Structure formats: structure tokens, C-alpha cells
Protein chains: 2
Amino acid sequence: MRLLLVEDDRRIASDIASALAAAGYVVETARDGEAAWFLGDTEDYGAVILDLGLPGMDGLAILKRWRGNGRHMPVLILTARASWAERVDGIDAGADDYLPKPFRMEELLARLRSIVRRSAGHSSSVVSAGDIALDERQMKVSVRGVPIALSPLEYRLVAHLLRHRGRVVSQHELDENVYGHGEDHDSNALEVLIGRVRKKLGPDLIETRRGFGYLVPETPA
Amino acid sequence: MRLLLVEDDRRIASDIASALAAAGYVVETARDGEAAWFLGDTEDYGAVILDLGLPGMDGLAILKRWRGNGRHMPVLILTARASWAERVDGIDAGADDYLPKPFRMEELLARLRSIVRRSAGHSSSVVSAGDIALDERQMKVSVRGVPIALSPLEYRLVAHLLRHRGRVVSQHELDENVYGHGEDHDSNALEVLIGRVRKKLGPDLIETRRGFGYLVPETPA
DNA sequence: AACGACCTGACAATTCGCTGACATGGATCA
DNA sequence: TGATCCATGTCAGCGAATTGTCAGGTCGTT
């Protein structure tokens, strides 16, 4: 999953970014309000982590402008200011959650999982489709209860497809969420990856929609 | 909106209930775990406010059982225990938000608004005309429930016609929406495409309006 | 009847996605 | 250091699906 991290302090940003990367996310960072606003408005992220103490543009104003433009990705606000009035403001501005500094990285990850899960309309950190189950907390995939070892890229691919099961996901969207970004697309790396995942998880999990993308069907019970 | 408030302390329960009532909610209260679990499992609430310090049954266990039974209403957890580990547990159990006591009533209301807002906003994206149903999320077309495989161009054609069913769509408009733009057509590619779609979905779906374009009637059959 | 709009079947060129084989490069360990 | 494994990218080729073209046919309108 692709995340936007908005944090002006380089040290903190890199700490958070590496923790997120270790948890399997693709992270992009913005260090000022302008960049944050532009990226959040034009790119698609699975979630945004937004520090309110920004130079250039107020974080809440950015959030409100995103929401005003119909951007609905989940947003987790970070701030040193922890008064309840601030929290109310943040939540009413359209934030999905609010985390006061200092915080434990574990809590950040838990809240992130929560808002992502919620925005996908699920209530468990385990998603399943057919015989396949994905446990996002443990980053573990199993087929009929048998755990299957996946490489990092394979895991991201499966995770994104399962989070969006029941919907056709374009190759471009997969590119963005599995690989970082900016890859020249004269390569068939994605197709190879799909093939490898199919070999491991069975050929029926991922359907091809020629010309459009891939689909993991919703399990019809 | 109808809410379930789970809180064993009568004093606190009535304080919260009256604040919620003042904000325009209809509130029902459960004072022990058994009642809470039963009500949450059988009734439909817009949201649940769940105090963890319950007699009878642990709040998190109740929440997990709800989620396990497919109850997806938004849940806001209240608790005096405010350690980060507890919060992580609550969120991972499927809570939508977590509010440590003591709290301001304004913050409770703000968080409630937030989780309710979040849980709304799920639309179906299925269009149908007569026997034909189009699921735009899955890019799937079915006739009388039987899924039919369509090529990309065929799908775009059907999608555009169904989105604008009940009105005549000109060949030019179809050209623009099915193919990119700028095609000189001395070709009858579009007519061929129409033919192929009719062969797959039945000859009655698309009517020809000679000299004007094509029409998918609002509800044939 | 004549004309033009539209339909149909057949065919060929092209595109698309899949696969197996190989190359690269980083991590690990003796 | 060198051997080895694993993850991943690249490439070439295959096979099938897709789609434009064309050559008639059909139908409706005047």
C-alpha cells in the first residue's frame, strides 16, 4: 500500500518512513504544505499521515481542501498539540484519527491499520477470498490454512488485490502500490509477478480482465 | 439516528445519554455485557458507544463477537485504561475509535460524527436494463445472472450505453467514448462492435435509431 | 425501385498477457 | 573471500483474444 507521509522534521520523517517501510508500505514523503497539498490532491494513496506542525500551509487547511475536492483517503493526524479542542477540530476537518506526540510506533501502525481497514469497509485485519486468507498484522498469507511464504513484492501485490477484492484493479494502480513510483513501463515485471503469485496461491485467485487489469472476486459465500 | 450506549455506571450513562439526546440521537442503553451483546447482535444501530469496564462480559470480547457475526456498525470505545497497549488491542479488535476517560462531551460528539460519517458512503455501482446487469466495480456484465465475457471495447460500449440508458446516443458520441478521439471513420468498426455485443447479450438490448444512433430502453421486458 | 444506412460473416493483423529461461544483485554463511 | 540462495528484473516466443477491414447482404425511407 502506498502512503503519503507529511512531516517537516527530517529526522522524525525518516524514522517513521523506515518503520512504515518495514511494515510493508510504500512511503512517499512531503516536507511542506504546498507539496503535501499537491500530492494528496493529485495522487492516490491508501492513507495519509499528516503532521500538523507544518511550514507553508496549515495542516488542517490542507485536509479541508482535500475533503472539499472529494479526496476521501483515510488521514491520520499527528500533533504535539493534544488539547481536546484541537482534537475536535482535527476530527471535524475530516481526519479519520488523531495521534498525539509522542507516540509508540506500534500505536501508529495499529491506528493506521484501523483507518485503512475501516475505509475499505472491513472490520478485521484478516481478509479472505476463496481459499486464501491474508493476515495483515502478521503479514501472513495462507491457503486453506496452510501458510505460504511470499516475497515482499508478492505480498504487497496480494495485499492490495485482497484489500480491493471485488473490484478490477488496473495494472497502473498495481504498479503504483506495489512498486514505488516512476517506473518506466516497458517492462512486464508485473505480469511475471502475477504469474509467480498464481503459481504459489493457485491459478484461480486472480482473474485477468484483459485490457483492464486484474480482479480477485468477492467470495460469494 | 439510533445509538446503543453500553455503560454500567448509571450516573455516567445518563449524562452521556442526555448529551446525545440533545444532539439529536435516539439512544438505547445497556448496563451489562449480556444485554449489550444481545442488543448489538440483533438490533440495528447507527453506532455503538462501548464502555470497556463492564460487569458480566468483557467489552472487547463482545466487540469481537459482533464482528465475528458480521455486525459492522461503527463502534466507539470508552475506557479509563489509557495505556497505548490497551488502545492497540481495542483498535485491533475492530473498534472504529477509542476515547480515554475522562473526556469532554464535545470530543465524544466529534468522534461519533467522524465514525458515523466514515461508515456511510457505500454505493452499489450496479446498473441494469431488462435482463442485463452491469457491475462497474467488477467490470462484469451478466444476462439473467449469467456472467458474459466482454472484450474491452465491447465493455466500454455497453457501459456507456447503460449509463445513458433511456436516451438516444449518437454514433459520434459512442466513437468518442469507446475509442479514444480523433479517429477518422470511413470505417464501420462501431457497427461491427454493436453487432458483436448483440450476439453476446441478445439482440433486444440495443435498439437502432436509424440516422440518429442507438438506444438502450429504460426497462425493456 | 433506388439509395443510403445499417448488419453480418469471414479473415488477417495486431495486441496482450503468460511462461520458461536466464541475468543481476544483494544477503548470508562457511 | 568465495559459494550459494533468494528475490527480482529482462527477454524472447507462444498462443489466444481482440479488433479493423472488406465484401456483400438487409432493411427502411423516399
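This is a predicted model, so every value here is computed, not measured.
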Applying side chain to side chain contact (heavy atoms under 4.5 Å, CB included) to B:Thr208 and not counting sequence neighbours gives B:Arg198, B:Tyr214
Problem - Side-chain N or O of A:Tyr179 closer than 4.0 Å to phosphate OP1/OP2 of D:dT8 - result: no
When rounded to whole Å, the CD1 to P distance for the pair B:Ile148 and D:dT18 reads 13 Å
Whether each nucleotide of nucleotides 2-8 of chain C has a protein heavy atom under 4.0 Å at its base (B), only at its sugar-phosphate (S) or at neither (-) is summarised, 5' to 3', as --BBBBB
In whole angstroms, the gap separating P of D:dT8 from CG of A:Leu174 amounts to 15 Å
(request) May I ask you to check whether A:Arg167 and A:His164 show a side-chain donor-acceptor distance below 3.5 Å? (result) yes
Expected list for residues 44-52 of chain A: side-chain donor-acceptor pairs under 3.5 angstrom, two or more places apart:
unit_1, atom_1, unit_2, atom_2, d
A:Asp44, OD1, A:Arg71, NH2, 2.9
A:Tyr45, OH, A:Glu28, OE1, 2.9
A:Asp51, OD1, A:Gly53, N, 2.9
A:Asp51, OD2, A:Lys101, NZ, 2.6

* **Any A:Ser187 side-chain N or O less than 4.0 Å from OP1/OP2 of D:dT10** => yes
Here the distance between atom C1' of C:dC18 and atom CD1 of A:Ile206, to the nearest Å, is 13 Å
The ring-ring contact (aromatic ring centres under 6.0 Å, His included) partners of B:Phe212 (sequence neighbours excluded) come to none
Between CD of B:Glu207 and P of D:dC27 the distance, given in whole Å, is 17 Å
Side chain to side chain contact (heavy atoms under 4.5 Å, CB included) filter on A:Lys200, not counting sequence neighbours, yields A:Ile148, A:Leu150, A:Glu154
To the nearest angstrom, the CG-C1' distance between A:Leu193 and C:dG17 comes to 14 Å
By side chain to side chain contact (heavy atoms under 4.5 Å, CB included), A:Met105 pairs with (sequence neighbours left out) A:Ile16, A:Ala19, A:Phe103, A:Leu108
note: A:Leu157, atom CG; D:dA7, atom C1'; distance rounded to Å ~ 15 Å
Taken to the nearest whole Å, CG/B:Leu153 to P/D:dA17 is 16 Å
